[in-house]
Amino acid sequence: MSSLEGKRILLTERDHFMGPAIHERLTREGAQVIADNSDLTQPGACETLVRDAGDVDILIPNLADPAEALPVQELGDERWHQAFDRLVHPLHRLVRAVTPQMLARGAGKIIVIGSASALRGMPNQGAYSAARGAQVSYVKAVGAELAPKGIQLNLIAQNWVDNPTYFTKEMQAHPKWDALVKSQVPAGRLGTGEEDAAFVAFLCGDESDFFVGQVFPFCGGWAV
């Protein structure tokens, strides 16, 4: 029997970023996935989502934001705030809302689907990279805080993984796509959603209990 059999897993942005692949894999593993697509930037949305979900064994904040390329001189306040409103504030609100029940049980897992852009400088991505970097620092700090209480909080820092938000089918159909990937990714290819979701499933399972506050690059060597 899968170690995820019967686990209640709350997954955000099911139709975006890594949501589709993660949902499919965890459901196949026997988990009961509460898949959400609501706008978590709205006041009270995160708290309502967690409350309505009921018992949550595992929380997967899968949060996406367009990686809009802008030189710093053109990076306005609206775009800066948008990145943090979509990637950082919902993360904290979700964790804040779900941890009381996990603390009461003395057990729980939180796996953040982040970005390797926090680990390597990307020109013209100041807002996006800063927000993804904030996720990394948050996970390290709060992961160390929650670990003694039986809760494992970790982050997958990924890039160059097939998904419908950042690497669309239209993008991958471009004649120069294969050459671009080979020039950027030491592994020489795009990672699959299935590979990523398999790693998520491992972090959801009991075998990963010794990982806390860690950031795992998942990007074919693009950032190590």
Side-chain angles (χ1 to χ4, degrees), residues 1-65 85-115 135 138-139 142-143 146-147 149-156 158 161-166 192-209 211-212 216 218:
M1 183 177 70
S2 168
S3 63
L4 302 185
E5 192 76 37
K7 293 287 187 181
R8 289 177 55 81
I9 301 177
L10 177 56
L11 170 68
T12 69
E13 297 196 31
R14 186 263 176 242
D15 291 343
H16 304 285
F17 197 18
M18 298 312 305
I22 292 172
H23 189 200
E24 193 279 330
R25 175 63 186 242
L26 299 185
T27 300
R28 194 167 74 241
E29 293 274 350
Q32 181 180 349
V33 182
I34 305 152
D36 181 68
N37 274 313
S38 61
D39 182 0
L40 297 179
T41 66
Q42 298 302 305
C46 295
E47 294 80 0
T48 298
L49 173 60
V50 172
R51 184 194 67 216
D52 292 348
D55 291 335
V56 174
D57 298 301
I58 301 163
L59 168 68
I60 303 178
N62 171 63
L63 302 167
D65 177 65
D85 286 343
R86 292 184 176 181
L87 299 175
V88 182
H89 302 146
L91 172 59
H92 172 58
R93 291 166 185 157
L94 287 164
V95 172
R96 183 178 61 193
V98 81
T99 46
Q101 59 169 283
M102 292 182 173
L103 290 169
R105 292 193 303 267
K109 289 180 180 286
I110 303 170
I111 299 122
V112 180
I113 310 303
S115 171
Q135 289 183 329
Y138 181 85
V139 165
V142 180
L146 295 176
K149 298 160 186 175
I151 302 170
Q152 295 86 47
L153 168 59
N154 295 290
L155 181 146
I156 300 175
Q158 62 177 62
V161 177
D162 188 18
N163 71 80
T165 299
Y166 295 111
T192 69
E194 291 76 13
E195 289 172 315
D196 198 329
F199 188 45
V200 172
F202 167 72
L203 291 178
C204 286
D206 297 337
E207 299 86 354
S208 66
D209 284 356
F211 296 116
V212 294
F216 300 98
F218 192 91

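Positions are given from 1, in the same order as the sequence printed here. Bear in mind the structure is a predicted one, so any value in this text is a computation, not a measurement.
In this view, Phe202 satisfies the ring-ring contact (aromatic ring centres under 6.0 Å, His included) rule with no residue, not counting sequence neighbours. Partners of His16 under the side-chain hydrogen bond (donor to acceptor under 3.5 Å, both in side chains) rule, at least two apart in sequence or in another chain, do not exist in this structure. A search for side-chain hydrogen bond (donor to acceptor under 3.5 Å, both in side chains) contacts involving Asp209 returns Lys109, not counting sequence neighbours. Residues satisfying the side-chain hydrogen bond (donor to acceptor under 3.5 Å, both in side chains) test with Asp36, not counting sequence neighbours, are Ser38. Under the rule for a side-chain hydrogen bond (donor to acceptor under 3.5 Å, both in side chains), the partners of Gln158 that lie at least two apart in sequence or sit in another chain are Asp196.
Rounded to the nearest 0.5 angstrom, Thr99 OG1 and Lys149 NZ are separated by 9.0 Å. Atom OG of Ser115 sits about 9.0 Å away from atom CG of Leu87, to the nearest 0.5 Å. Distance check: Met18 CE to Arg25 CZ gives 12.0 Å after rounding to the nearest 0.5 Å. Atom CD of residue Glu5 and atom CD of residue Glu29 lie 9.5 Å apart, to the nearest 0.5 angstrom. Within the model, atoms CD1 of Ile111 and CD of Gln152 stand 9.0 Å from one another, a figure rounded to the nearest 0.5 Å. Between the CZ atom of Phe211 and the CG atom of Leu155 there is a distance of 14.0 Å, given to the nearest 0.5 Å.
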Could you please spell out the steps behind the side chain to side chain contact (heavy atoms under 4.5 Å, CB included) verdict for Ile110 and Met102?
-> CA-CA 10 Å; Ile110 303 170; Met102 292 182 173; 4.2 Å; yes
I would like to know whether Leu59 and Val50 meet side chain to side chain contact (heavy atoms under 4.5 Å, CB included); could you show each step before the answer?
-> CA-CA 9 Å; Leu59 168 68; Val50 172; 5.5 Å; no
Given Val56 and Arg8, is the side chain to side chain contact (heavy atoms under 4.5 Å, CB included) satisfied, shown in steps?
-> CA-CA 5 Å; Val56 174; Arg8 289 177 55 81; 5.7 Å; no
Show the numbers, then the answer: is there a side chain to side chain contact (heavy atoms under 4.5 Å, CB included) between Leu203 and Phe216?
-> CA-CA 11 Å; Leu203 291 178; Phe216 300 98; 4.0 Å; yes
Donor-acceptor contacts under 3.5 Å from residues 42-49 side chains, at least two apart:
{"from": "Gln42", "atom 1": "NE2", "to": "Asp39", "atom 2": "OD2", "distance (Å)": "3.1"}
{"from": "Glu47", "atom 1": "OE2", "to": "Arg96", "atom 2": "NH2", "distance (Å)": "3.1"}
{"from": "Thr48", "atom 1": "OG1", "to": "Gly44", "atom 2": "O", "distance (Å)": "2.9"}

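The aromatic rings of Phe199 and Phe218 sit parallel to each other, their planes meeting at less than 30°, with 60° as the upper class boundary.
Phe17 approaches Pro164 most closely through the heavy-atom pair O-CD, 3.3 Å. Of all non-hydrogen atoms in Ala31 and Ile9, the two that sit nearest each other are CB-CD1, 3.6 Å. Closest heavy-atom contact between Leu153 and Gly143: CD2-N, 3.7 Å. Residue Ala53 comes nearest to Ile34 through the heavy atom pair O-CD1, 3.8 Å, listed as atom of the first residue, atom of the second, then distance. Nearest heavy atoms, Ser3 versus Gly205: OG-CA, 3.8 Å.
A donor-acceptor pair under 3.5 Å is absent between the side-chain atoms of Asp162 and the main chain of Gly193, judged by distance alone. In this structure a side-chain-to-backbone donor-acceptor pair under 3.5 Å is present from Asn37 to Asp15. With hydrogens and angles ignored, the 3.5 Å screen pairs a side-chain donor or acceptor of Asn62 with a backbone N or O of Thr12. In this structure, Gln101 contributes its side chain and Gly54 its backbone to a donor-acceptor pair below 3.5 Å. The main-chain N or O of Glu24 is never found under 3.5 Å from a side-chain atom of Thr27 such that the two would form a donor-acceptor pair. The backbone N or O of Thr41 sits nowhere less than 3.5 Å from a side-chain atom of Asp85 that would complete a donor-acceptor pair.
Each of Leu63, Asn163, Leu11, Ile60 was evaluated against Ile113; a single residue qualifies, Ile60, per the side chain to side chain contact (heavy atoms under 4.5 Å, CB included) test. Across Ile22, Asp57, Ile58, a single residue satisfies side chain to side chain contact (heavy atoms under 4.5 Å, CB included) together with Cys204, and that is Ile58.
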